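Along the sequence shown, the residues carry numbers beginning at 1. Read the numbers this way: they start at 1 and go in the same order the structure lists the ligands and their atoms. As the structure is a computational prediction, the values presented were derived from the model and not from experiment.
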Amino acid sequence: MYPTVPASGLHFKTALLPQGWARNVRIEHAGGRITRIEQGVKPASGDERGLVGLPGIPNLHSHAFQRGMAGLTERHGVNHDGFWSWRKLMYRFAARLAPEDLQALAAQAYVEMLEAGFTRVCEFHYLHHAPGGARYANPAEMVERIAAAAADTGIGLSLLPVFYAHSSFGGAAPAAEQARFVNDVDGYGQLLEASRTALTGLHAARLGIAPHSLRAATPEELRDILPLAADGPVHIHIAEQPREVIECEAMLGARPVQWLLNEMPVDARWCLIHATHVTGDELAGLAASGAVAGLCPITEANLGDGLFPVATYQAQGGRFGVGTDSNLLIDLAEELRLLDYGQRLRNGIRNALATPERSTGRALFEATLQGGLRASGVGMGASADSDEPASAVGLHAGAHADILSLADHVALTGRGDDAILDSFIYAARPGLIDCVWRAGHKLVCNGVHAQRASIATRFRATLQRLLNE
Ligand SMILES: [Zn+2]
């Protein structure tokens with residue numbers, strides 16, 4: 001599907017390297033990794049050329065199938081609309097999906113991610129069983145569909161099979177509409193093993209674990225499944241909604257993030273998704289733990305979750321990245337813009353995320369890259385099958401050849417260095433991303449994924465059928 005022998009050289013007039021901006025940068029790659037970077041050189045014959053070269057960004061949180069219900073939940077409900085009424089609609093949609101439907105919806109989401117500048121996705125995957133909860137003969141049936149969607153599109157995959165056992169705190173029995181998600185600890189172990197096999201052959205795939213939330217896993221179950229992560233990442237939804245905080249305090253005697261920090265070995269392998277409702281102490285503890293806060297600004301805004309205090313957290317050295325979560329709108333620049341604008345609106349301060357050395361856009365972009373790689377189990381020596389260098393992140397020899405180029409766009413007129421990223425995030429309509437390479441393969445050209453048309457056709461046919469059933 002993709003060129004088997006991609007051009008081995010890329011040349012950019014400007015590129016963002018780990019040490020900063022550089023001019024006339026030539027990047028060689030082989031076997032999916034960058035093998036050499038030179039500055040101040042002319043392109044070699046046969047090089048692909050671009051204006052601005054940037055590292056691809058990992059998307060640290062996605063439920064791919066939810067792309068199919070984007071825009072269908074914006075009507076006034078009978079009762080007070082909020083996260084929980086949205087979740088009811090999501091459950092109804094999820095209940096209908098056959099394995100091939102999941103693949104079709106996920107492939108569309110992944111095309112859009114690549115076109116937006118996301119070169120890897122952390123898929124927080126919880127649709128394990130057949131409609132009604134019957135077991136597929138192959139425990140990795142649905143995992144294989146996610147892996148196939150990643151293979152179809154070329155996106156890097158960090159798979160996080162979800163452990164889900166209960167409807168609420170205290171080990172409450174799962175609800176009927178959660179039957180497709182539910183496993184006990186033994187079943188989950190089998191799912192992980194089958195998932196590991198399913199990912200064999202998918203280039204640079206990573207496997208981690210994802211206890212869904214403190215609602216869906218008891219403390220005992222959490223302790224039981226943690227060793228199954230080996231040294232892969234551990235992701236968990238946490239403190240997304242005030243009701244969850246109240247129930248957690250009542251049942252576990254502490255707020256969700258506080259409980260996790262007190263009771264679990266939270267470290268750099270962990271990614272706490274949302275962590276919206278945190279106290280100052282929880283925030284400081286999270287920053288000190290080395291874990292990544294997985295922020296999903298578009299989805300959090302849409303669901304009315306609240307605002308994570310990212311400026312305070314960043315000042316404490318906290319790590320974060322962004323995820324597209326519900327995939328309502330897949331847009332890297334928009335996630336970063338909204339993340340910052342939430343802080344500005346709340347605090348009445350501009351450029352709180354900037355540092356003396358970095359503009360706001362660059363600080364956001366680099367933090368998102370570093371946090372995203374860590375949460376993906378890439379680049380931080382965080383995976384057992386990893387031969388990753390443990391230090392630098394971004395475009396350097398040894399890194400995955402996951403690269404974006406920006407187009408010669410009117411919004412970049414006269415912009416250099418940090419102003420390029422500021423213009424990308426704050427001042428441009430979509431269309432700034434020109435090409436995207438993942439593992440050295442050029443997947444997006446002139447802003448369009450090579451398989452966009454065929455994948456969109458399948459997505460539309462799938463959705464037409466699902467919505468008319
Ligand atoms: Zn989520």
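Distance check for Cys296 against the Zn ion (ligand 1): none of its N/O/S atoms falls below 2.8 Å.
If you look at Asp325 and ask which of its N, O or S atoms sits nearest the Zn ion (ligand 1), the answer is OD1.
A 6.0 Å sphere centred on CZ of Arg350 holds no more than 12 heavy atoms belonging to other residues, nucleotides or ligands. Atom CZ of Arg92 has 12 or fewer heavy atoms from other residues, nucleotides or ligands within 6.0 Å. Residue-environment remark: CZ (Arg460) stays at or below the threshold of 12 foreign heavy atoms within 6.0 Å.
Here Asp152 pairs with Arg458 in a salt bridge; the nearest charged N to carboxylate O distance falls below 4.0 Å.
Rounded to 10 degrees, the NE2-metal-NE2 angle spanning His61 and His237 at the Zn ion (ligand 1) equals 90°.
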